[in-house]
Asker: 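Here it is, the structure, as structure tokens.
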Amino acid sequence: MKQLIIPALLALLITGCSSTPDGPEQGGAPVESRDGSVATVNAGGVDGRKLPAVLTDPKSILSKRSVYFDYDKFEVKSEYKDLVTAHAKFLADNRQFKMLIQGNTDDRGSREYNLALGQKRADAVKKMLTLLGAREEQVESVSLGEEKPKNEGQNEAAWAENRRGDMLYNGEF
């Protein structure tokens, strides 16, 4: 009898800890814009609208979302400063938008080392954005380490594609 009580209690505990939404799906998180109005951020962008064309038009510098790094480095190279500056200006002019920077590495190095390096890369892009006018609360940085490779190859060209910081706007993450 004792042998049945413990599994039954564990099952009740697990069931009691699970959660399911009660009622309709909630909208996104409210975001206050510069003029004081409140927008809702969700998978469609802001207030259900798609991202502005300037962020998706291949002719716009803002459609470029990756900053690439040298091997074992986390300094933003000079060739990406105009790109980061353009995104900082966009964020400064559009306070309702938020950005997530995902720091990535190639698969060389330990998991722990790559997570730390990915965070340093994401933080380097974030610091540059905030120094150029984006608000601290608009930008979040995370490390994905080697978990999200752009190229699965095992050569220098593939590794170079994976050493990056990806900038995603609300609605893209």
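Only this structure's heavy atoms are used, side chains among them; waters, hydrogens and symmetry mates stay out.
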Asker: As an exercise, state the distance from CG of Leu144 to CG of Asn162, rounded to the nearest 0.5 Å.
Answerer: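 Going from the CG atom of Leu144 to the CG atom of Asn162 covers 11.5 Å.
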Asker: Is a side-chain N or O of Gln138 found less than 3.5 angstrom from the main chain of Leu91, in a donor-acceptor match?
Answerer: yes
Asker: So, Asp57 side chain and Ala53 main chain: donor-acceptor pair closer than 3.5 Å or not?
Answerer: no
Asker: Give me the atom names and distance for the closest heavy-atom approach of Lys73 to Leu117.
Answerer: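 Result for this residue pair: O-CD1, 3.9 Å.
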Asker: Is the Phe97 ring parallel, tilted or perpendicular to the Tyr169 ring (thresholds 30°, 60°)?
Answerer: perpendicular
Asker: List the steps, then state whether side-chain contact (heavy atoms from CB on, under 4.5 Å) holds for Glu75 with Asp70.
Answerer: CA-CA 8 Å; Glu75 294 85 23; Asp70 289 330; over 6 Å; no
Asker: I need the minimum non-hydrogen distance between Ser66 and Lys150, along with the two atoms involved.
Answerer: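 Scanning both residues, the minimum pair turns out to be OG-NZ, 3.4 Å.
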Asker: Please test Asp123 against Ser141 for side-chain contact (heavy atoms from CB on, under 4.5 Å), starting from the C-alpha separation and ending with a verdict.
Answerer: CA-CA 6 Å; Asp123 288 343; Ser141 60; 2.5 Å; yes
Asker: Start with the C-alpha distance between Met167 and Leu83, add both sets of side-chain angles, then the distance that settles side-chain contact (heavy atoms from CB on, under 4.5 Å), and finish with yes or no.
Answerer: CA-CA 11 Å; Met167 298 177 282; Leu83 173 66; 4.0 Å; yes
Asker: Could you grab the distance from atom CG of Leu51 to atom OG1 of Thr56, nearest 0.5 Å is fine?
Answerer: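 Interatomic distance, Leu51 CG to Thr56 OG1, rounded to 0.5 Å: 7.0 Å.
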Asker: For the CD1 atom of Ile101 and the CZ atom of Arg164, what is their distance to the nearest 0.5 Å?
Answerer: 13.5 Å
Asker: Between the side chain of His87 and the main-chain N/O of Arg65, is any donor-acceptor distance below 3.5 Å?
Answerer: no
Asker: Would you find a donor on one side and an acceptor on the other, under 3.5 Å apart, between the side chain of Asn170 and the backbone of Lys98?
Answerer: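 Yes.
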Asker: Measure the acute angle between the ring planes of Tyr80 and Tyr68, then classify it against the limits of 30° and 60° as parallel, tilted or perpendicular.
Answerer: tilted
Asker: May I ask you to decide whether Arg108 forms a salt bridge with Asp106, counting only side-chain N to carboxylate O separations under 4.0 Å?
Answerer: yes
Asker: Considering only NZ, NE, NH1 and NH2 on the basic side and carboxylate oxygens on the acidic side, decide whether Arg163 and Glu156 come within less than 4.0 Å.
Answerer: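 Result for this pair is yes, salt bridge flagged.
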Asker: Start with the C-alpha distance between Asp107 and Trp159, add both sets of side-chain angles, then the distance that settles side-chain contact (heavy atoms from CB on, under 4.5 Å), and finish with yes or no.
Answerer: CA-CA 8 Å; Asp107 61 1; Trp159 293 325; 3.2 Å; yes
Asker: Locate the shortest heavy-atom distance separating Gly103 from Ala122; write the atom from each residue and the value.
Answerer: N-CB, 3.7 Å
Asker: For Leu129, which of Arg135, Lys89, Met99 qualifies under side chain to side chain contact (heavy atoms under 4.5 Å, CB included)?
Answerer: Met99
Asker: So which atom in Ser143 and which in Leu115 form the shortest heavy-atom distance, rounded to 0.1 Å?
Answerer: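 So the minimum-distance heavy-atom pair works out to OG-O, 2.7 Å.
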Asker: When hydrophobic residues are tied together by side-chain contacts of less than 4.5 Å, even through go-betweens, does Ile61 share a cluster with Val54?
Answerer: yes
Asker: To the closest 0.5 Å, what do you measure between NZ (Lys64) and CG (Asp82)?
Answerer: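 Going from the NZ atom of Lys64 to the CG atom of Asp82 covers 13.0 Å.
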Asker: Is the shortest distance from a Lys or Arg side-chain nitrogen in Lys126 or Glu140 to a carboxylate oxygen in the other one below 4.0 Å?
Answerer: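 Glu140 and Lys126: not salt-bridged.
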Asker: What's the separation between atom OG1 in Thr105 and atom CZ in Phe69, rounded to the nearest 0.5 Å?
Answerer: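 If we round to the nearest 0.5 Å, Thr105:OG1 and Phe69:CZ are 11.5 Å apart.
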Asker: Hey, could you give me the CG/CG distance between Leu168 and Leu55, rounded to the nearest 0.5 Å?
Answerer: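 One gets 11.5 Å once the value is rounded to the nearest 0.5 Å.
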